[in-house]
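Presented below is the structure to which this report refers.
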Amino acid sequence: FKENYVLVFQPLFPNTQKEHLKKIYRISTTSNTLVGKLQNENPGLYTKIEPFEPPPPNAYYPNDYGTTSPVENHGGSYPLTALDLINAPGAWGITKGNKKVVIGISDGKVDSTNTDLRGRVSTYLKYFNNTKGTVCYHGTGIAGIIGATMNNDYGIPGVCSECTLITHGYGRFDYIQELVEAGAKVINASWSLCGFGAYHQSVQERINEYYDEGILIVAAAGNGSKCNQSLKDYASNYTYPASFKNVLSVTTVYAACGHYEDCVIQDEQYGEIHYKLKDRHVRRQRKTETGFIPINSKFATQHNLSVDLAAPAETFSIGRAACGESDEEFTGLSSASAAFVTGVIGLIWSANYCLASAEVESILKLTSEDIENLPGNEPFKMKLGAGRVDAYRAVKMADAMQQEKGNVTISNRDFYRFNFELYSSPYQIQIQNQRFRDSSTVNFKARNRIQLKPGTQLKPDRNGFIK
């Protein structure tokens, strides 16, 4: 250190309670050789040295960010790795929400006395008085993910803590309609049915109308629902409202374990397995010489061709303790995944309220992280949507689209399906190292120019097009 100029040497997770995270440090140096010397001269101490991607400029960490926070945490003593995974602090550096963006929550009881939700819900169209069971805690947990008060020395930060929340019941499309009538711009439906019977087609028509009017519905893809008992893979069933066209269907990935060596557990049947690997769809994975094999994927959350996006499956649920469920406060599945995406949409519209529904959906997909080619996710090709949501990238693109000379960059993905539309006339669009092929459709407009940079390939088939 005397011979090299070291800018930063500090714990990466100063508030963590996990022993393996306590041993991880961040170093920033002007030397090109220091890192190699550290590993060569102290192999027992510096066992793994990897490039560290710094947080986005102006990333914001509130004082209730959890045990993975780089600032002092006064909130719940839980690792909020889900917020790390979706890059929420980067998005908060741009916006923390706007009260004109109204988020509707179709769910069970949302506890108005919870410290993290006190004063956050402007309208209760239906209020449940249950004191036990799922109806008691589920809605509170979902509302917390979406919009819990941020930076209040308590609990957790919501993804869109400055958006307006309104709530209603669940399990009927009437509740969604009434949330729209009450002013909701985006509606979270963390519930699923096998269909809507005789009203199925009329529900689809109404959803199409909402979509065209700039209103989005986000729904949980389902937690292994057995709608079609004849299918061997229960999780490939289609549930509703998630599987309706123009509804964003969200499935799960895990966030708890960033490196496979850190999440080894012993299983009675399979021996040594890896648990809750980052960005993997199935909770338990068996390591092989070539990668990972998911265990019992038929019992996973839903994976099918209607899925649009993936998001974290678990986080701290602020509602369970008050309902007598304090034994398992770290929960979620696709209900939580949908809520994370709903919160991100709230941030997108907070940054740029003029975006159409199709543009918001396109931004979420264009900026998502590619996960279907990760070892352990290969069996779910085409069934995990466009990728895992990234809040910072999405909000950054939305914000750039409304700037006078904003630059929208689309890069480093290979899309072979989905429809992409950006027509609110950003100043400039740059497309680099990017592929749109097969049945992808692309309709982009810019005020100044659309620039195709090296590595870009536009190769739609007869089912796709480029405009």
Side-chain angles (χ1 to χ4, degrees), residues 8 10 12-16 24 26 28 50-73 75 79-98 101 145-151 156-163 250 253 255-256 258 278-279 309-312 315 336-337 339-352 355 360 362-371 386-403 406-413 426 430 432:
V8 175
Q10 62 185 30
L12 184 58
F13 306 110
N15 299 308
T16 185
I24 302 176
R26 177 167 70 96
S28 178
E50 299 175 353
F52 174 72
E53 184 177 346
N58 303 316
Y60 176 77
Y61 291 88
N63 62 24
D64 50 356
Y65 191 77
T67 58
T68 64
S69 177
V71 302
E72 186 175 0
N73 173 50
L80 301 182
T81 50
L83 294 175
D84 294 334
L85 189 66
I86 68 169
N87 219 342
W92 295 335
I94 301 171
T95 179
K96 300 174 187 65
N98 190 306
V101 180
I145 293 171
I146 295 170
T149 302
M150 178 187 292
N151 208 45
I156 64 172
V159 176
C160 198
S161 65
E162 295 182 15
C163 289
V250 188
V253 290
K278 175 185 175 182
D279 275 331
L309 292 159
T315 192
S337 301
F340 280 113
V341 171
T342 297
V344 174
I345 292 172
L347 293 177
I348 289 173
W349 264 321
S350 296
N352 188 346
L355 293 169
V360 173
S362 296
I363 287 170
L364 286 165
K365 291 178 176 178
L366 288 168
T367 59
S368 65
E369 182 72 17
D370 182 16
I371 60 169
R388 186 255 304 145
V389 68
D390 187 295
Y392 170 62
R393 294 179 198 161
V395 174
K396 181 182 177 183
M397 183 178 287
D399 184 51
M401 286 184 66
Q402 56 88 35
Q403 294 176 8
N407 181 49
V408 171
T409 301
I410 298 167
S411 62
N412 302 322
R413 289 297 307 270
Q430 289 184 335
Q432 182 173 8

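Computed from a predicted model, the values in this text were never measured in an experiment. All values below come from the heavy atoms of this structure, side chains included, with hydrogens, waters and symmetry mates left out. For the single chain, residues carry numbers from 1 onward in sequence order.
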Minimum heavy-atom separation for [X] to [Y], with atom names?
X    : Y    : result
M150 : P157 : CG-CB, 3.9 Å
G387 : I371 : CA-CG1, 4.2 Å
A336 : I145 : CB-CD1, 3.7 Å
N407 : A400 : O-CB, 3.7 Å
P56  : G90  : CG-CA, 3.7 Å
A311 : S337 : O-OG, 3.0 Å

Give a yes or no answer on whether the side chain of [X] reaches the backbone of [Y] with a donor-acceptor pair at less than 3.5 Å.
X    : Y    : answer
W92  : G97  : no
R413 : A386 : yes
N352 : A398 : yes
S368 : R388 : no

Are any non-hydrogen side-chain atoms of [X] and [Y] less than 4.5 angstrom apart?
X    : Y    : answer
Y61  : N73  : no
N151 : K96  : no
S161 : T149 : no
L366 : R393 : no
T68  : L83  : no
V71  : N63  : no

inquiry  = Is there a side chain to side chain contact (heavy atoms under 4.5 Å, CB included) between Y65 and D84? Walk through the geometry before answering.
reply    = CA-CA 10 Å; Y65 191 77; D84 294 334; 2.6 Å; yes
First locate atom [atom1] of [X], then atom [atom2] of [Y], and finally report the distance between them rounded to the nearest 0.5 Å.
X    : Y    : atom1 : atom2 : value
L347 : D399 : CG    : CG    : 11.5 Å
T342 : I146 : OG1   : CD1   : 5.0 Å
I156 : T315 : CD1   : OG1   : 5.0 Å
D390 : L309 : CG    : CG    : 11.5 Å

query = Of N87, T367, I94, T409, which meets side chain to side chain contact (heavy atoms under 4.5 Å, CB included) against K396?
reply =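 When side chain to side chain contact (heavy atoms under 4.5 Å, CB included) is applied between K396 and each of N87, T367, I94, T409, only I94 qualifies.
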task = Walk me through it: do V253 and L85 pass the test side chain to side chain contact (heavy atoms under 4.5 Å, CB included)?
result = CA-CA 10 Å; V253 290; L85 189 66; 4.2 Å; yes
query = Under the side chain to side chain contact (heavy atoms under 4.5 Å, CB included) criterion, do M397 and I410 qualify, and how do the steps go?
reply = CA-CA 9 Å; M397 183 178 287; I410 298 167; 4.0 Å; yes
